[in-house]
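One structure is given below, encoded as structure tokens.
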Amino acid sequence: MKHTLFAVASTVALIAGSSAYAEQSIVIGHALSPTSHYGLGADAFIAKLEELSGGEFTGTQAPAGQLGGERDMIEGLQIGSLDVVITSTGPLGNFVPEVYALDLPFLFRDYDHARKTLDGEIGQELLAKIDENQLVGLAWSENGFRHVTNSQRPIRTPADLDGLKLRTMENKVHMEAFSAMGAAPTPMAFPELFTALQQGVVDGQENPITVITASKFWEVQNNVSLTGHVYSPVAVLASPILIDGLTDEQKGWFYEAAKASAVATRAEVNRLEDAGVALLRENGMEVITDIDKAPFAELAQTAYKVYTDQYGTELVERIQAVE
Ligand code: PAF
């Protein structure tokens, strides 16, 4: 696995002339480019950590899936071969089942609803659940509302999805929803996606505008339908092996750095909600906006059943009730 190359992600080096402390360098892994919303979030994390620690901690980003797909990176945190990872919740439900609830389609009404939920009591409870699974949940950040792109035809109704080979994340709630909506979901790690689209292994994919622009999917896809079918949260995670070795003060710096990361990432999501759509058009994509979401939402109810049959309805109802 790629991340074994980085088996000792954190390096400790004595600062010349100082016996007071050792400088520790941490690596932040993520799937996107250094200038994407994740890249800006990683930079903000590093800047805050360096500022609060007075240089005791420094950091670098390992962008673009250099350390593997998101699922690999989460495993890397559990075994301590990685330090910090910025990841969508897509694969996180495989490790922390309660998190699947956040990935239910058409659950969050808008960005305010999602951010209020994640910044409030429910978000804190879910971070605590993450901590019970050999991971440390530092903060909630954001990927954005997801939309469908494809190379075959404009998608306006569920019938247009019929038989479309659509790459999804490795998330059973998403797969269930897309099957119910008529597509043929194909789970795949993100680092394989661009080539799969280019070679026609899959016809389409779904991701927020942030990702579609950062990945230049216009090179391999000509239609984007603003379905907004699911909100995609991001978790800023750390390895318990790193965090358990820190003092309380040092741990505090990591939590503050993760909050700064989320602020920077959400600001970029906000910026791209408008500017990104213009960029997609400029690069030749047909942007489909006249979509009636109700029939998609109705079919996606199957995914709720799959989730609630196993984990109950309480969490979903509490999220729906957040004003
Ligand atoms: O589609 C995915 O796998 C995720 O949305 C991505 C692009 C890796 C960002 O977290």
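- Here the side chain of Ser151 pairs a donor or acceptor atom with the backbone of Asp203 at under 3.5 angstrom.
- The main-chain N or O of Pro105 is found under 3.5 Å from a side-chain atom of Tyr304 such that the two form a donor-acceptor pair.
- Within a 6.0 Å sphere centred on CD of Glu298, other residues, nucleotides and ligands contribute 12 heavy atoms or fewer.
- A donor-acceptor pair under 3.5 Å is formed between the side chain of Thr247 and the backbone N or O of Gln250.
- Ile86 and Met169 sit in two unconnected hydrophobic clusters of ILVMFWY residues. Membership requires side-chain heavy atoms under 4.5 Å apart, directly or through other members.
- The backbone N or O of Gly55 sits nowhere less than 3.5 Å from a side-chain atom of Thr58 that would complete a donor-acceptor pair.
- A donor-acceptor contact shorter than 3.5 Å is absent between the side chain of Asn133 and the backbone of Leu135.
- Side-chain contact between Val148 and His229: present, with at least one pair of heavy atoms (C-beta onward) separated by less than 4.5 Å.
- Cluster membership for Leu104 and Tyr111, using ILVMFWY side-chain heavy atoms within less than 4.5 angstrom, is shared.
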Q: Take Leu226 and Val287 through the test side chain to side chain contact (heavy atoms under 4.5 Å, CB included) and record every step on the way to the result.
A: CA-CA 7 Å; Leu226 300 186; Val287 181; 3.9 Å; yes

Q. How far apart are the C-alpha atoms of Asp290 and Ile288, what are their side-chain angles, what is the distance that settles it, and do they pass the side chain to side chain contact (heavy atoms under 4.5 Å, CB included) test?
A. CA-CA 6 Å; Asp290 55 333; Ile288 295 107; 3.5 Å; yes

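- Side-chain atoms of Asn94 come within 3.5 Å of backbone atoms of Glu170 as a donor-acceptor pair (strictly under, hydrogens ignored).
- When every heavy atom of Arg109 is checked against every heavy atom of Glu323, the shortest pair comes out as NH2-CA, 3.9 Å.
- Not counting sequence neighbours, the partners of Lys305 by the side-chain contact (heavy atoms from CB on, under 4.5 Å) test are Asp309.
- Considering only heavy atoms from C-beta on, Tyr100 stays 4.5 Å or farther from Leu315 through its side chain.
- Judged purely by distance below 3.5 Å, without hydrogens or angles, the side chains of Gln205 and Gln221 never pair a donor atom with an acceptor atom.
- Pairing each heavy atom of Asn150 with each of Arg153, the nearest pair is ND2-O, 2.7 Å.
- Note that OG of Ser53 is 11.5 Å distant from NZ of Lys48, once rounded to the nearest 0.5 Å.
- Leu161 is not connected to Phe145 by any chain of hydrophobic side-chain contacts under 4.5 Å among Ile, Leu, Val, Met, Phe, Trp and Tyr, and they are in different clusters.
- Taking the six-membered ring for Trp and the full ring otherwise, the centers of Phe254 and Phe57 sit less than 6.0 Å from each other.
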Q. Could you walk me through whether Leu197 and Val202 pass the side chain to side chain contact (heavy atoms under 4.5 Å, CB included) check?
A. CA-CA 5 Å; Leu197 290 169; Val202 287; 3.7 Å; yes

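- Between Phe194 and Phe217, the ring planes are parallel. Angles under 30° get that label, and only those over 60° would be called perpendicular.
- A heavy-atom distance below 4.5 Å is found between the side chains of Glu125 and Arg318.
- In this structure, Glu176 and Ala303 approach most closely via the heavy-atom pair CG-CA, 3.9 Å.
- Separating the CD atom in Glu56 from the CD atom in Glu249 is a distance of 8.0 Å, to the nearest 0.5 Å.
- Ile74 is connected to Leu126 through a chain of hydrophobic side-chain contacts under 4.5 Å among Ile, Leu, Val, Met, Phe, Trp and Tyr, so both are in one cluster.
- Taking every heavy atom of both residues into account, Trp140 and Ala235 meet most closely at CZ3-CB, 3.8 Å.
- Taken to the nearest 0.5 Å, the CD1 atom of Ile26 stands 11.5 Å off from the OG atom of Ser239.
- Heavy-atom minimum distance, Leu77 versus Ala238: CD2-C, 3.9 Å.
- Annotation: side chain of Thr186 is not in contact with side chain of Val201 (no heavy-atom distance under 4.5 Å).
- The side-chain heavy atoms of Leu127 and Ile130, taken from C-beta on, include a pair separated by under 4.5 Å.
- Here the CG-OH distance, from Leu118 to Tyr231, works out to 5.5 Å after rounding to the nearest 0.5 Å.
- Asp83 contributes a side-chain N or O that, together with a main-chain N or O of Val27, makes up a donor-acceptor pair within less than 3.5 Å.
- One N or O on the side chain of Thr213 and one on the backbone of Thr210 form a donor-acceptor pair closer than 3.5 Å.
- With a 6.0 Å radius and a threshold of 12 heavy atoms from other residues, nucleotides or ligands, Lys116 has its NZ atom at or below the threshold.
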Q: Carefully, step by step, assess Tyr38 and Glu268 under the rule side chain to side chain contact (heavy atoms under 4.5 Å, CB included).
A: CA-CA 9 Å; Tyr38 285 9; Glu268 184 64 356; over 6 Å; no

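- A donor-acceptor contact shorter than 3.5 Å links the side chain of Arg167 to the backbone of Met188.
- Here the options are Val277, Asn283, Leu279, the test is side chain to side chain contact (heavy atoms under 4.5 Å, CB included), and the partner is Arg281; only Val277 passes.
- Two different hydrophobic clusters hold Val224 and Ile155 under the rule that ILVMFWY side chains link at heavy-atom gaps under 4.5 Å.
- Inter-residue side-chain proximity for His147 and Thr227 is flagged as met; some heavy-atom pair is nearer than 4.5 Å.
- When side chains are defined from C-beta on, Gln61 counts as touching Pro34, because their heavy atoms get closer than 4.5 Å.
- Atom-to-atom distance recorded for Asn207:CG and Leu193:CG is 7.5 Å, nearest 0.5 angstrom.
- Judged by distance alone, with hydrogens and angles left aside, the side-chain atoms of Asp131 form a donor-acceptor pair with the main-chain N or O of Gly137 at under 3.5 Å.
- Residue pairs meeting the salt bridge (Lys or Arg N to Asp or Glu O under 4.0 Å) criterion with at least one partner in residues 133-149, sequence neighbours excluded, are Arg115-Glu142, Arg146-Glu206.
- At least one side-chain heavy atom of Thr168 sits under 4.5 Å from a side-chain heavy atom of Pro187.
- The shortest heavy-atom contact between Ala260 and Ala44 is O-CB, 3.7 Å.
- In this structure, CG on Leu49 lies 11.0 Å from CD on Glu256, to the nearest 0.5 angstrom.
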